[in-house]
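Reviewing the structure listed below.
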Amino acid sequence: MAADSEPESEVFEITDFTTASEWERFISKIEEVLNDWKLIGISSGKPLEKGVYTTGTWEEKTDEISFADFKFSITHHYLVQEPSDKDGKEDLVEDALPLPMQDLLCMNNDFPPRAHCLVRWYGLREFVVIAPAANNDAVLSESKCNLLLSSVSIALGNTGCQVPLFVQIHNKWRRMYVGECQGPGVRTDFEMVHLRKVPTQYTHLSGLLDIFKSKIGCPLTPLPPVSMAIRLTYVLQDWQQYFWPQQPPDIDALVGGEVGGLEFGKLPFGACEDPISELHLATTWPHLAEGIIVDNDVYSDLDPIQAPQWSVRVRKADNPQCLLGDFLTEFFKLCRRKESTDEILGRSAFEEEGKEVADISHALSKLTEPAPVPIHKLSVTNMVHSAKKKIRKHRGVDESPLNNEVLNTILLFLFPDAADKLAEGFESRTVTSAGNNPPPENEDYNLFSQFKSAPSDSLTYKLALCLCMINFYHGGVKGVAHLWQEFVLEMRYRWENNYLIPGLANGPPDLRCCLLHQKLQMLNCCIERKKARDEGKRGSVSDRSPGGSCGDAGKGADHSADNPEKEKEVGKSWESWSDSEEEFFECLSDTEDLKGNGQENGKKGGAKEGNKDPVNLKPEGRLHPHGKLTLLHPGEPLYVPITQEPAPMTEDLLEEQSEVLAKLGTSAEGAHLRARMQSACLLSDMESFKAANPGCCLEDFVRWYSPRDYIEEEVVDEKGNVVIKGELSARMKIPSNMWVEAWETAKPIPARRQKRLFDDTREAEKVLHYLAVQKPADLARHLLPCIIHAAVLKVKEEEALEDISSVRKIIKQIISHCSKVLRFPNPEDKKLEEIIAQIMSVEAIIARARSLKAKFGVEKCENEEEKEDLQRFVNCLLEQPEVSVIGAGRGPAGSIIHKLFVNAQRVSAVPPLDEELRRSGSSEERRLNVGTTSDFPPPTGREVILRTTVPRPAPYSKPLPQRMYSVLTKEDFRLAGAFSADTTFF
Amino acid sequence: MDEDVLTTLKILIIGESGVGKSSLLLRFTDDTFDPELAATIGVDFKVKTISVDGNKTKLAIWDTAGQERFRTLTPSYYRGAQGVILVYDVTRRDTFAKLDNWLNELETYCTRNDIVKMLVGNKIDKENREVDRNEGLKFARKHSMLFIEASAKTCDGVQCAFEELVEKIIQTPGLWESESQNRGVKLSNRDEGYGGGGACGGYCSML
C-alpha cells in the first residue's frame, strides 16, 4: 500500500503525470485537501467525556473538489477539543486503535440531543464527508458509488489519514452515507440500510440482534456479549386537558362603546394559539447486557415507566400567532402604504379638500364666534364633531371608517381635558397643565430618549397606541387616515381657540423625542404665546400679576440677582411664563405703562411707527435691579431688562438653520455673515437693556451680558487712593466689531414692542400644514419608535411576571439595538424588521414559558421546593434542546408527564369506530400497546445501539469494535453499521 | 475629495466666555493666533479634514458663544455631536468652577449619551496660573473625559487634543458608523448553519 514512499527514488527518475486520468486527479485532490487540513497521521485525543457532544463546540471546514466536471464539496466536521500534550502520549499508545474506532464503543455520548446525523449514528467526534456540491445532485448508480468509495479508500491508504471519510450517495434527503476508516492493519467499513417499509423482523430487539450477529459473522462461539442502548421516544400532541390560557381579545367589547379609554393605551400580549405544539419524551436504557430483557414480536419488557433515564424536549410552534407581534407587524406595514389621507378617505374628500380646511375653520368659528359666551355643555371634541358632521352632510359622505362611538372614545382618551371641562366655565379652561408635572425619573420612563420616541404619558405616545389599535381592529389604514384627520382638526381647533394641547411637556420642543412630538410641542408653544397675547388684548383678566418691574423685581431679588441664568429659569416656570410672555406684545393692561405716564397711552400706535424718540428717558421693560451693579455714568442701579424668549425650534428647523449657517462657509466673510444672522437676539437684548436703563453705555451692557469682557484693575489715582478702574476687554474694543456695531444700531425699545423674534402665527400654520399633509405611511414612520417603545415596555412588564433571565438579557439587547437604529433619521426597513422580529421572538418565548407553566401546573404545586424544581425544569425546557427528568418516571416532573400521557390516552381510548378498525389492523401497534399497558401511545421512535468487540474476519484476528445503530420511526427505518476488520493477513 | 473620507464628525467646543474656544479652533484649523479675536455671537463653524490612523476624517466643528444669555440659543446645536471639547482657562478659577454647569448642559441637550468628551485647560503660556494641572486631571477622571492642557497662543497641545478626540470617537463603536456597525442580536443559538450533510443540513434530532 505505502509502496511508493520507500523505494530508491533516484534523482533522475522522471515522474510523469501528464496522462493522469480524471479519477487519479480526483484522488490526488482529496489527498491534497486532507493534507491541507492536517488530518494525516495518528489522530489522538482524550477519551470522550459524558455529554461533551452537546456541551462542546462543533466546527466544520469546507472545500470544493471536482471529479471531471462534477462538483463535490468536502467537509470536515469536528468537535473542538483542547489541545492535549500530544507528543508525550503518542509514543505510549503506538499500538492503539485509531481514535474513531475507539469512539464507536464509547457510551458517554449516545443519543445526543442535537448533532450531525453521522455523530448520532456512529458516535464519531470527527469525520470528513464528500457530497455532491449542488443540493439536487446525487450519486445514484451503484458503480459510481463504488468508484467514489474506492477513491476514498485509496486516498486514505495513500495518506495514512485516520479520520473516517464518508461519501454521500443517493438523494440528499435520504441521508445515505457510506464510508471507511483506516488504521495500521485495521479498517472499519461504514454501511447503511435505509428503508421506507420496515421488515417485521427488525421492529424488535431480538431481530436486530440477529442481524447484527450475522453481519459480524463472527467465527467464535460463544459470541462475546453484545451491549445494548435503547431509547424509545413518545410524542404527546394532545394537550386538551390543559386549555391554552390566552383569551383572545374581545373585539366586540371594544366597539361596544363600553371601552374605558384605558384600553386604547395598552398593547395586547400573548399567543393566540398554543406556542408549544408537542412534547417528546425519550425513555432510555443506557446500558443493557444481552439477555437481560426480552423484546420480541409478542412481548416486550421495555416499559417506559421503568426506564432508568427520562429526558424531555418540547417542540415549539414555528411562528405562533402572537398578538403583540401582529400589532407591530401590521403597524409596520402601514409604513409602506403610498396613499395620502385624501386618497384613502375617498375621491370626494379629495375634491373638496381645498375647501375643506376653510370650511372647517369657518364652521368652527361660527360655532365659537360668540367667544365671550361660554359654551358650557360641549366638549372640545364634541364641537369638532358637530362641525365635522355638517361637513359630512355637505359632502354627502355618510360613511366614515370609524364609527362615532369609537372615535369619541379615542378622542376623549387623547384629550381628557375636553371631558374635564364639560361642566366648567370658559375661564377655567385657560390652564391646561395635564401632563405637565415633572416626569418621574426612572429608567423605564426615560427610555424615550433612547428610542427617540416620546414619554409614555404623552399625547404622542397615546396617539401612536390608538392608531396601532385602529389599524388592527377598526378599519385598517382607512381608520388611521380618519383618526388622523380628526386629530389634525382638533389641533387646528385648539390653535384657533387658544386651548393648550394636553399631554405635552412645557417649554421648547424636546429634541430627544420624535419629530412629530416636537411639532406638537411647537404648536403648544405657539398657542401659549398667542393665548397670552390675546388675553393681554382682551384685558379681561384683571387678577394677573402685573409683571414688569414691580411684580417681578421682588421675586428676582430673592434669587441672587447677579445670576441671570437662575433668573431665566424662574422666567420659564409655568406661572411666570405667561406673565412675562404677555408683556411682550403691546398689552394695554401693562401696569407699568399706566404707572409711567398718562400720555404714553398712545404708545401702541407710536411703536408701530417704530419712530420712538431714541432719547426716551423713561425706563421701560425692567425685570429687576441687577443688585450689585450700577450704571457707570448716571450711577443709577443697573436693571436687568425683560427680554424676548428665543424662538423654540424643532429639529428639522434646527437642521435647516445649521445648514444655512454651515453653508456660509469658513471664510472670514462667512463667519461675519453668520454672526450677523445670529445677532438678532443680541440686538433685541441690547434694545431691551437700553430701554430699561436710560443713559447706559456699552460697558454697562457688557458687565451684565458678558462680565468677563469688562476688566477691572485697582489703580492708585493722583490723590493716592486706590480706585477700581475698569475697561472693556481688548476684543470688545476692536473697532467696529459686531458688538459695538449692534450697540450703535440698538434703539431703546422694550421687548414687548420689539419685532417678535418668534412669529407664533406663522410657525403654528407651518406646523398645522405639516400635520395635514402627513400620509398614513409618514405617520406610521413618525410613530413607529413610540410603538416599539411601548412594545418593549409591554414585553418588559410581562417578563417581570415570569422572571426569565434569558429574556431579560434579550430585552436589554433589544433596547441597545433600538437606541442605535432609531437614533438615525431614516432607519432602514430591514433593521426595523429585525427589531420587530426580536420583540416577537421574546413574546413567543414568554408565551411558551406560560404555556409550559400551565401544562406542568407550576402554579398549582403546593410544595415550595417541588415548585422551585418544576420552575427550573420548565426554564430548562425553554433554553435547552433536551432536558433530563430527575428521577425519571418517578420524579415529580416525571409523574406530571406520565399523567399528561395517561390523560391523552384516555381521550383517544374511545376512538371512532373506523379508527378502531384501522388500529386493530396493525399488529405492530397492537404489540407495542401491550407492553405499555396503554399509559403511553406506541413509541414514535425506537433507537437501538448494539456494540461488541470481536475478532474479524478470522478467529485469530485482532478483536475490533463493531457497532450497529438502528432507528425505527413510522415511515423510516435505518440501520447504520460500522464493522471493523483486521487487514493484516487479508 | 469626499470620496476617500471615512466619515464626517460633528465636534462641539463649549466653555465659559473668554477661555479661548475660538482661538483654539483657529489654531487648529488655520494654525494662527489672533490676540484680538472678536467675541463669538451665537455659534460659528469651521471644517477641517484630518487623518487619524490612516483614515481621513472630516470634522465639522461648531464653536459656541460662552455668554450666559447665548445659552438659550446655542444648545440647539449640540444635537448629533459625536465629540465635545470643554474648555476652561487655567488662569481663571471661575471658568474651571463652572465646568459642572457645562456638563449638565451637555447632558440635557445632547441627543446621545455616548458622546466623547475632552477637557482642555487653555492658556498655559500665561504666568498667573490659578488651576493646577492635577485638578483638571481629577475632574476629567471623575467624569470620564479625555484631558489635556494647551495653549492656543504657543500651539501646545492643540493638534493633539483634536486628534485624540477624533481617535477616541473612531474607536467607539456605534458612535459614528451607522451602516455596518449594528448587525443585530442573534437570538437563536446556532439553530441554523452547518450546511453540508443531508436535506436538513445533516443536523437533526431523531424525528
Side-chain angles (χ1 to χ4, degrees), chain A residues 58 60 62 73 75 113-118 120 129 131 172-173 175 233 280 313 511-512 564-565 568 646 649 651 654 658 661-662 666 671 674-675 678-679 681-682 685 705-706 708-709 729-732 734 737-739 810 813-814 817 820-821 823-824 831 834 838 841 940-941 943 967 969, chain B residues 16-19 29-30 35-48 60 62 65-73 76-80 92 94-95 101 109 111-113 174 178 181-185 187-190 193-207:
Chain A
W58 287 85
E60 61 180 40
T62 304
S73 70
T75 310
R114 182 160 191 86
H116 190 282
C117 54
L118 288 172
R120 199 174 174 85
V129 175
K172 282 204 169 179
W173 61 266
R175 287 188 274 148
T233 302
H280 294 188
R313 62 170 76 208
L511 300 179
R512 293 170 302 170
E565 196 196 24
K568 198 188 76 205
M649 299 257 249
E651 67 185 34
L654 204 59
S658 338
L661 291 181
T666 53
R674 195 154 36 227
Q678 295 175 89
S679 63
C681 194
L682 179 65
D685 288 349
Y705 209 84
S706 180
R708 261 181 228 98
D709 279 307
S729 66
R731 61 176 182 177
M732 284 297 173
I734 306 168
N737 80 65
M738 188 111 9
W739 293 67
I810 301 174
Q813 287 173 322
I814 294 179
H817 188 195
K820 277 180 198 143
V821 172
R823 194 160 57 200
F824 297 98
K831 287 184 178 159
E834 253 173 47
Q838 284 169 1
S841 77
T940 315
E943 290 167 281
V967 55
T969 63
Chain B
E16 288 292 299
S17 74
V19 296
T29 54
D30 299 16
E36 296 203 333
L37 202 55
T40 310
I41 291 174
V43 295
D44 199 12
F45 170 81
K46 283 198 184 308
V47 179
K48 176 154 177 159
W62 292 82
Q67 281 80 8
E68 299 267 11
R69 281 290 303 170
F70 282 123
R71 277 199 217 171
T72 50
L73 188 71
S76 335
Y77 295 93
Y78 291 11
R79 215 175 78 84
R92 307 196 64 156
D94 57 327
T95 64
N101 289 1
Y109 295 102
T111 44
R112 43 172 52 131
N113 42 15
S178 57
Q181 199 66 37
N182 25 28
R183 266 177 296 128
V185 207
L187 287 177
S188 50
N189 341 312
R190 48 197 195 92
Y194 291 104
C200 64
Y203 278 76
C204 49
S205 59
M206 174 208 54
L207 296 172

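Proteins get letters first, then strands, A, B, ... in listed order; numbering begins at 1 in each. All values below come from the heavy atoms of this structure, side chains included, with hydrogens, waters and symmetry mates left out. Note that the structure is a prediction, hence the values are computed from the model and not measured.
- Residues meeting the side chain to side chain contact (heavy atoms under 4.5 Å, CB included) test with S17(B), sequence neighbours left out: S706(A), R708(A), R731(A), Q67(B).
- Using a 4.5 Å heavy-atom threshold, the side chains of F45(B) and Y77(B) count as separate.
- Residue T29(B) does not touch chain A at all, counting heavy-atom pairs closer than 4.5 Å.
- With a 4.5 Å cut-off on side-chain heavy atoms, Q678(A) and L661(A) count as touching.
- Between chain B and the residues D709(A), D685(A), N737(A), the largest count of heavy-atom pairs under 4.5 Å involves D685(A).
- The most heavy-atom pairs under 4.5 Å with chain B, out of L682(A), T62(A), I734(A), come from I734(A).
- Closest heavy-atom contact between R313(A) and P113(A): NH2-O, 3.0 Å.
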